[in-house]
Every structure is written in structure tokens, then in C-alpha cells.
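This structure is a prediction, so every number in the text was calculated from the model and none was measured.
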Amino acid sequence: MAGLEDLYKEIVIDHYRSPRNRGELVSPPAKHAEGFNPLCGDEVQVWIDLEGDTITNVAIGGQGCSISQASASMMSAAIKGKTIAEIGELTVAVKSMMSVHEHALEDDDSGVLPEPPDVELGDLEALKGVVKFPVRIKCATLSWNTLVEALNN
Amino acid sequence: MAGLEDLYKEIVIDHYRSPRNRGELVSPPAKHAEGFNPLCGDEVQVWIDLEGDTITNVAIGGQGCSISQASASMMSAAIKGKTIAEIGELTVAVKSMMSVHEHALEDDDSGVLPEPPDVELGDLEALKGVVKFPVRIKCATLSWNTLVEALNN
Amino acid sequence: MSSEPFDVAAVRSDFPIFDEPINDRRLVYLDSSGTSQKPRAVLDAMTDFYESANANVHRGAYFLSDLASRRMEGARSKVAKFIGATDSAEVVFTKNATEAINLIAGSWGRVNLNKGDAVVLSMLEHHANIVPWHMLAQERGIEIRFLPVTGDGQIDLTDLDRWFDGANLVSLSAMSNVTGALTDLERVVTAAHAAGALVALDACQLVPHLPTDVAAIGADFMAFSAHKMCGPTGVGVLWARRELLEAMPPFMGGGGMIANVTTEGFTTTELPHKFEAGTPPIAEIIGLGAAVDYLSALDMHEVRRHEVELTAYFLRTIKERHGDDVVVHGPAEPSQRGGVFSFAYKDVHPHDLSQVLDQRGVSVRAGHHCAKPFMTQLGVGATARASLYIYNDESDVDELVDALSDASELFSF
Amino acid sequence: MSSEPFDVAAVRSDFPIFDEPINDRRLVYLDSSGTSQKPRAVLDAMTDFYESANANVHRGAYFLSDLASRRMEGARSKVAKFIGATDSAEVVFTKNATEAINLIAGSWGRVNLNKGDAVVLSMLEHHANIVPWHMLAQERGIEIRFLPVTGDGQIDLTDLDRWFDGANLVSLSAMSNVTGALTDLERVVTAAHAAGALVALDACQLVPHLPTDVAAIGADFMAFSAHKMCGPTGVGVLWARRELLEAMPPFMGGGGMIANVTTEGFTTTELPHKFEAGTPPIAEIIGLGAAVDYLSALDMHEVRRHEVELTAYFLRTIKERHGDDVVVHGPAEPSQRGGVFSFAYKDVHPHDLSQVLDQRGVSVRAGHHCAKPFMTQLGVGATARASLYIYNDESDVDELVDALSDASELFSF
Ligand SMILES: Cc1ncc(COP(=O)(O)O)c(C=O)c1O
Ligand SMILES: Cc1ncc(COP(=O)(O)O)c(C=O)c1O
């Protein structure tokens, strides 16, 4: 539909249709967190198996709109096998891809945008279009916030 | 001052200047109540000695604007020697002199005004001008409300 | 009057927001149960107040302050009349319906409910009528019972005697903001009072849409918000029976609600001011007064008739065009419901659905509608919701029905 | 800019209420500490919102709802900036300052204060900063201490170490609404924190009149109302440090403040929404944003400079014309006060005085100014009070001074 191509990129729809790493892990030992988007009812569950500093397995549960579920699926694919430090960088990169714009929309005229870390985003890049639809930013960042919480648990 | 003659009638000013029955009675036996006008700080104290059904003595205390104090003074003069039944009638008459208008100002368009009891008001009639100054109605009725309270104590 | 059709075009022309395209599209506003649009008369009443009568109320001997007070109290009388209350001191202004329900829980509840006492809610309540009771339960250990909901989205009123047995308060929505279902208030009030329980009504969706008469309903408390009935944001109403209000302690303390204050304590002033601490939403109350005038001039019976007709059209049309691809929650019979429709379309997520509809200016809400327990029962995280009001007509319904096909196109898998 | 005179005529022309006579008289509005008048820009911002962006916030995926949310959150950022808060989530919108203080008492107070704990107030507090603590004292048996007031109407700050010893919270007005006295905040904050007490400021009279920087002041809580600073009725602000807000339980429950709700309980969402249950005063918040823009454009340093000059003129002129017939409460030194003057004229009762002044359009308030304990200390039931703001000039003061002679005429006995 005219105007929505930036939001509903083919790769986003693909992750929504065929979510990667869907399931549950036994917790403990898996770290687990549950995230809600209280405004629209999206829900994401994240399970993570860690070996030392490295994520060896991920599972995603929950329900919600195409953006929240595609974002979770993309995230699960992107973080598997990565170290916590790498994931930290990735999280910052993804969030700054969104939140820079989030701020701009909140009338913050500071004008100084922090330089995002130089990280390969891969598929995740497809979510960049979300920034044109500010209400959906929270859908896209939900899984990342839930990941941070899982890692802290 | 132009426009204020209806409010500050000579007899009102006279009662304010030389309040009647100013003082206190020993309570008990005297019935006593204290009334506040929380909006403007007027304060009226009423003491009443009863013999059977008849008010044998009245004392008035408190402080406040000319209208509240003059009204209390006029009331004290009007009720001394009267029976409770007579005072009931007088209270209704005085209040309806005011409150009819109070309602009219509150956009009550019922249009039906209750017939006030046919009672001789004497000096109290001078307070009729208060209805043109709706904010002062509460000053004028304070002593009467306090009287009712004292009788109920 | 009831033989003439309801003149939606005339009504629309009273609402400035429909004058110009929004985001380059004709605004098809279908979220009036979220908040209604505002007629010019309401905006003018507030602007006029600020431009010619603005002062603080009840506090000065000067002309302007008296004028402001009388306008505000005049609005209170109008609101009382609009809901059938004969005593305008029973109308307490709050900031919204949510504060009104918190006031019931925080004031009446705190002194009247103790460990073991019970409050009856239902599974389809708005969070505004759940969370205050959870908060009270945490504090005072009361029991909360949730009446079930029937398959067609109504509060299940079977077995009320058992549910109400030993309850102290029954607090229910008079019309659901999710399914539009109207609650049979007579049955609820009769059964609750028979069980010795008081009745509070969340009338947020009732008062804007149906003629309301508190005396006839016979409930004990009722809460609603101005912003859903053509009035401004920033003001809500708690109506309650005088004896209850008189016995209740204040909810908040401050200026305007006291008779006296010393370093030792305070005494409260008379109703309704006892519950209105601080400077009230003066202009907003006056705006609500104008909203009530506006709705009264339309005649609430006519408003209801229009909504029943449009509801019938909505249900019929969406079925004709989309058959089983659409599931509409709530009663099938228009007379048992208001014009609020939670619906699912194929397996398109509500959030995506509303995004696609928005592309055509069709504004519907997607989410849990502040009714998560009910969403959980439905087994969904969210629904899309369209809701109708006085300025909507068949063309708005048609626009929604057409736009649903776009979603089918985009998410056809 | 500070060498040019403050252009009152230009400011007045921004306020529609001064365009026409009120009650056939020129309006000499001297009750801005009761509520301020509103500039056109504020009224326009609200009308424009209703006419082109009205929808409920944070709840819909559609364009209009998103627009409304962004305008509201934009206003929050403006308010945060105006008071020097770097984190706009520390700005919680309430219905008025009174609710903000009730929130501190009802949320922070209820979980942090127990029998034997102490809150320090002063004898000149507004009821909004007394009654909530009396209510808490009734409930939880806390001690309330009242700092004395000096002869010239300032909070007496001698011996603070003794007063604050063992106190948990010090809650004081930053500027008195009765005497205009400014409180030495640095001294209060330093002494309170040294004693291990938190500091809450009733900044109702501070924020509208002086440049305010919460970071520099170093207090823990601050409350103020929009309607006294060119903004609309129906919205107030609680600012508090993030750590405090995060640890506090919600004050009211309902939509918008939850992360999840089940039949068993609920969890709260993030700041500031956790404290904003129900539909917020959306248009009013946007109006407050416009008020903050308006005041910022004037420059709060210039506003303060104007008020100090006019205060000096007031004190000088009234003395010259009426000598000892007038007693003005409060500090004699303009730099130590704002333009709020409680005064007595001969033995004319304040209520009569304001009635006589009103006859000339001079609008001053008469009463206890919601500060009964202070009135009791002064030994009066009421005072007359004149207060100045950006649209007042020397001619308003002259008008008041002239009108006082009328009272002398009428009550010359
Ligand atoms: C010092 C002070 N505190 C508190 C208040 C209460 O403000 P509001 O009535 O807007 O809640 C006021 C104004 O009335 C005030 O001047
Ligand atoms: C049924 C119902 N109850 C309560 C509310 C809460 O109203 P408000 O947000 O105006 O307090 C709403 C609207 O959001 C509602 O629809």
C-alpha cells in the first residue's frame, strides 16, 4: 500500500511470517525475561542460554504486531553466537537507529545526535523505516529492551 | 459610594459600629456554636440561654466583615425573648429573603419561588440589599446558620 | 422530532476538526470511546471564560471572581440535571473518571472495607475500575471477585445472588468500552442492594451515549469523564448519594475543602467542595457545562436512536462485505449495545490493521483498551476497535469496510 | 535587553481580558497570585489542539493519536527545560499543585513515614501544604512541626538544626502567597540535607515569577500549578528526583500507568506515566507548554526585574499616600520578596475593603488566602491582598491607592 513500503519491508514481513528461534528454553539455566508494550499489548519473551560470555541459544515467545514479532525474530538471529560485549554494541546501534529519531520527534532541539557505534546491522537495517512511524518504534525496540532485562536477570 | 448604598445601609453600618449583645455566656448551661465562613474568614459565635422554649439571653462573639457582624448583631436583637418556633419561622424568612436570589444566580431556572413565611423582619429588612452582591450572602447568613447549629447542640 | 432523521451533516459542521483534511486525508474518526471530538460551542465557552470572566473561584469578593464562581456552579447544576441528580452538591468534579473511581476506593473504601470484605468487579472492566481496587486490596486485604463475561461480550449476570453474597460493593461498567455491551443495570442494582452491597457504576461510556437518570438507575456512585462527551480534557465527575459523600473522609487535602485549619488539625467544608481540593478545573467545568447543553439540544434520545441505527448498519455492512473474515466481539443485537466494536480481521494483527486503515484516514484504536484481564480471557493481546458517535454516518462505516480490503492485500498470506 | 524597560503595554495587548471593560470598568487585576490571566497564545494553542490534533494519547496507532501524544510530550519537555530539569520523565502532570503535594504525602509519605517520624512545615504555609500532612498524621501518627514566622512575614530560619533534627521531610513554600516573602532555599536545603531530611518545595508562587532551576536549588520535590503562570486551569506539576519517583508506589490506579494487569494484581509502567492514571489533561498540558514558551520569550529574569521595580513602587506609593493608615505585611526590601501584598487599611475589614475597591474595578482578594494558621498568628480573620504580574504597571498601583480613599470615606468612624 502506498506509503507503507518503508514500514512493511519484505524482509520484515518474512520474519513475521516465519519467525526464527520460536520456542522456549528450560529456565534456569536459561535466562528469561518477559516484555510488555503496555500501550498496544505487544508481548515478547526472551530465553537465552549462555556459556561464559557467549550466547549459545535463544528462544522467542510472545505475541504482537508484525513489527514487534519481526524485530524479535531478527534479534534472535543476530545475537546467537555473539558475546555479551558484542550484543551491548548491537543494542546501542539498533536503539540509536530508532531513538535518535524518537528524540527528534519529542521536540528535543538539542540538535546533537550521538554517533552510533559502527556495527554491521544486516537484516536489522530493514527496521530503519520504522522511524517514519513513531508509534511503532516501541514495537520495534520491545525485544531489545527485553533482551537487556533477560541478561540482567 | 455610588452603587454600594444598597449594601451598606445606615442601619447595617450602625449595627457593625455598635454591635448589640456582644459578649459570652457560661456554657453550659448556654447553648453555643461557632460558625466559619471558610471562604473569607468570617467567624461568628453564638451563645443562647433557654428557659423552656424561650430564648432569654443571647451573646455574640467573633470577627469579620461589616455584613457578617451586623447580621449577627441584628439577629441577636431579633431573637431575644422569642420562642424556638418563632425563631424557626424567622430563620426561614431571613434565609428565603437571601436564598431565593442565591438560587436564581446559580442558574436554577425552575422559576418556582417558595412563598416566604409572613413574618415581621424589622431591622433585618435592611439586609435585603445584600442579594445584589451575591458573594456577601454567605456573610449575611452565617450567623443564622450558626444559630441553628447552637439550637441543635 | 423522532421521525426526522438525525442530521449528521449539521452536527459535523459544529465540529471544527472536520473542516480541514488531517494528514491530507478526510478524517474518518472512529475512536470516540477513546475521546470524543469537541464542538465549537464548547471551545468557545472556554475561550470566552478566559477572555471575559477568568478569576479564581469562591475566594474573592470582587466581581470577576464571583462571575467565575457562578459560571462554574452553573455548569455543575447543568451536569446534575443532565444525569438526573436533583441535588447538585452530589456532583463532585475530579480530573477524570479515573480519579473519581480512585476517590471511591481511597475515601469510601479505606474507611468501609477491611480484611475479608469483598468488592465485585467483572472480567471486562477498564483498568480504571480494577487497579484502584487492587491497590486497596494490597493495603487492606480485601477480596476482589470478577464476574465472568458471556460469549457475546456481556457481563454474565447469572447467579448474581451467589456472586454478591457477602459483598460490600459491586463496581461495574455500565457499558463496555471493548464490546459495547450494555449492562442490565436494574438487575445489578436490585441484586446488589438485596445482598446489602452498594453499587458503583463506571459510566464513562454510558453518559455520553444514552439518556442517563441516576435517580431511576438507583446506583450509589457513578463516574464519568467530560472528554468522552464533547467536553474538554481535564475534568471528570463523581456522582454519589449525599449521605455517602457526607460520611466519607476527604480524598485530598488543601484549599477550598476546609472549614478550618489549625496547627493541630482541620475540619472539612460542605459538599461538594469537601472533595475538590485546590483550584478546580474551572474552565474545563464550564466547557463540560457547554457540552451538556450541546448534547441536550441534540436530545439524548435522538443521539441514542442515531447510534442504534448506525450500529445496525455497521454490523450488517461489515458482515456483507467481509463475511467470516471479520469477527466482531459483543452483542449482535443493536438495542443491547452501544456503537463500540472490537473486531478481528483475518489474522492481521490489530496494530498492523489500524496502521493500514490510518493510511486512509480511518482512525481506529488498536490495543488492549485498558482491559487486559478481558484480553487475556479472549486469548488475544489486542483488538482493533472502532467506535461511533454523533458526527459519524454510514459513509464512515463504508470507508472502514473498504479500507479493510487494503489490509487483506498487504498481509495476504 | 536589561537596559530597556519592560514593555507592559505590549504584554497587556497579548491578554484578551484587558481588551474590553469588565462590569463597565477598566479591569485593574491584582489577584494574580490567586490565578493569572491568560495570553492569547495559550488559548490559541489549546483551541488549535482541539481543532486539528485532538485524540487520546499514547493509545492508538493512528496519526491523530500520535500527533496528540507528541504535542503533549513536547510540552513536557518544555516544562522540564523551563524549571531546569534535565530529565523530562521527572515532570509528572497532576490536576493542580494541591494534587502534587497530596501525591507526595499519599505515595512517598505513606511508605516512608511511620509513627514518630516528623515533617517540618511553617506557620505561613498554604493549606495545600498543611492538610495533606494532617491527613497523613491522622493515618500514620507522624509529628508535624511548624517553623515560626518572623515579624516581617518570612519563615524564621534561625535554629534550623534544632528544628530539622530527626525530621524526615521539610516541606516549605518557596515564596509566600500571603506576604510575598521569598524563602532562602539554599539555607533550607543545606540544613535539611545535613539533617538527613528530604526537601519539598511549594513553588506555586516561585515558578511563575522567578527564574527557577531545580538542579541549582537541589530540592527533592517541587509542586506548582499552571494557572498561576499564564497557563490554563486543570493542570499542575510535580517535579521530583528520578530515584524518588522510581521507588514510590503509584498514587492513583487506572489506564496509562500500568505495565500489566491481571485478576491477581498489576505492575506499573515507566516514569512519568506511572503517576498519571487515566486520560491526562492533554489540552491543558499543551496550554502549559505554550505558557512556558510565552514566559520564556519575555525572559524570566526580565519578569523578575519588572516585578521588583513595581514592588518598590507599590511599597513607596502606598506609604506616601496613606502613611500609617496602611499596614503592609511582609519584607520591606523588594529583593527579598515577590509582588504579593497582604495589607490592612485603618480598621476597615478586608472583605469590605475589597468590596469598595471592586466598585472601581480594582480586583483584590480578601480572606485567609488558604493560610488560616498564619492568620491566627497574625491575630486576624482575613487580610486584603493585592498581587502583581507581568501585565500590571504603575497605573494599576495608583488606581488601588486612590480607591483606598473611598473606603476611608465610607467607613470613616
Ligand atoms: C503557595 C501556594 N500553594 C499552593 C497553592 C494551591 O494551588 P492550586 O490551588 O492550584 O492547587 C497556591 C494557590 O492557591 C499557593 O499560592
Ligand atoms: C469504561 C471506561 N472506564 C474508564 C475510563 C477511564 O476514563 P479516563 O481516562 O477519562 O479517566 C474509560 C476511558 O478511557 C472507559 O472507557
Side-chain angles (χ1 to χ4, degrees), chain C residues 16-17 22-23 31 34-35 37-38 43 47 50-52 54-56 59-64 95-96 98-99 102 127-128 130-132 134-135 146 225 227 232-234 252-255 258 260-263 265-266 277-279 281-284 351 354-355 358 363 365-367 370 372-373, chain D residues 16-17 22-23 31 34-35 37-38 43 47 50-52 54-56 59-64 95-96 98-99 102 127-128 130-132 134-135 146 225 227 232-234 252-255 258 260-263 265-266 277-279 281-284 351 354-355 358 363 365-367 370 372-373:
Chain C
I17 202 163
I22 300 282
N23 200 21
D31 191 20
T35 199
Q37 295 303 336
K38 323 299 173 198
L43 306 184
T47 302
Y50 283 127
E51 292 190 348
S52 67
N54 177 64
N56 214 326
R59 292 187 183 172
Y62 58 96
F63 177 84
L64 211 55
K95 67 174 170 178
N96 51 27
T98 301
E99 184 192 343
N102 278 273
H127 294 160
I130 302 176
V131 182
H134 275 324
M135 287 168 66
F146 288 87
S225 270
H227 69 91
T233 52
M252 294 196 229
I258 59 99
N260 197 20
V261 178
T262 67
T263 55
F266 70 98
T279 302
I282 307 170
E284 293 72 19
H351 218 171
S354 95
Q355 184 86 60
D358 191 37
S363 301
R365 200 166 137 186
C370 297
K372 289 206 93 174
Chain D
I17 201 162
I22 300 284
N23 200 19
D31 191 20
T35 199
Q37 297 302 337
K38 324 298 176 198
L43 306 183
T47 303
Y50 282 127
E51 293 191 349
S52 68
N54 177 64
N56 214 324
R59 292 188 183 172
Y62 57 95
F63 177 84
L64 212 54
K95 67 174 168 177
N96 51 26
T98 301
E99 184 192 345
N102 278 273
H127 296 160
I130 302 177
V131 182
H134 275 324
M135 288 168 66
F146 287 88
S225 268
H227 69 91
T233 51
M252 294 196 228
I258 58 99
N260 197 19
V261 178
T262 68
T263 55
F266 70 100
T279 302
I282 306 170
E284 292 73 19
H351 218 170
S354 96
Q355 185 86 59
D358 191 36
S363 302
R365 199 166 137 186
C370 297
K372 289 205 93 173

Over all atoms of both residues, closest heavy-atom pair of [X] and [Y]:
| X | Y | value |
| --- | --- | --- |
| His127(C) | Gly255(D) | CB-N, 4.0 Å |
| Lys38(C) | Tyr50(D) | CG-CD2, 3.4 Å |
| Pro132(C) | Gly253(D) | CG-O, 3.5 Å |
| Thr263(C) | Phe146(D) | O-CE1, 3.3 Å |
| Val261(C) | Lys372(D) | O-CB, 3.5 Å |
| Met252(C) | Met135(D) | C-SD, 3.8 Å |

Does the [X] side chain pair with the main chain of [Y], one donor and one acceptor, at a distance under 3.5 Å?
| X | Y | result |
| --- | --- | --- |
| His134(D) | Thr262(C) | yes |
| Thr233(D) | Ala283(C) | yes |
| Asn56(C) | Gly34(D) | yes |

Quiz prompt | Nearest-0.5 Å distance, CD of residue Glu99(C) to CD of residue Glu99(D) | solution =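 Glu99(C) CD to Glu99(D) CD: 6.0 Å, rounded to 0.5 Å.
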
Exercise. State the CZ-CD1 distance between Phe63(C) and Ile22(D), to the nearest 0.5 angstrom.
Key: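 Result: 7.5 Å between the selected atoms.
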
Practice problem: Against chain D, work out which of Asn23(C), Asn96(C), Leu43(C) has the most heavy-atom pairs shorter than 4.5 Å and name it. | Solution: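 Highest number of heavy-atom pairs under 4.5 Å: Asn23(C).
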
Quiz item: Just one of Ile282(D), Asn54(D), Thr279(D) clears the side-chain contact (heavy atoms from CB on, under 4.5 Å) bar with Thr35(C), so which one?
Solution: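 Exactly one pass, corresponding to Asn54(D).
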
Practice problem: State, yes or no, whether a side-chain contact exists between Ile17(D) and Leu64(C) at a heavy-atom distance under 4.5 Å. | Solution: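 They are in side-chain contact.
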
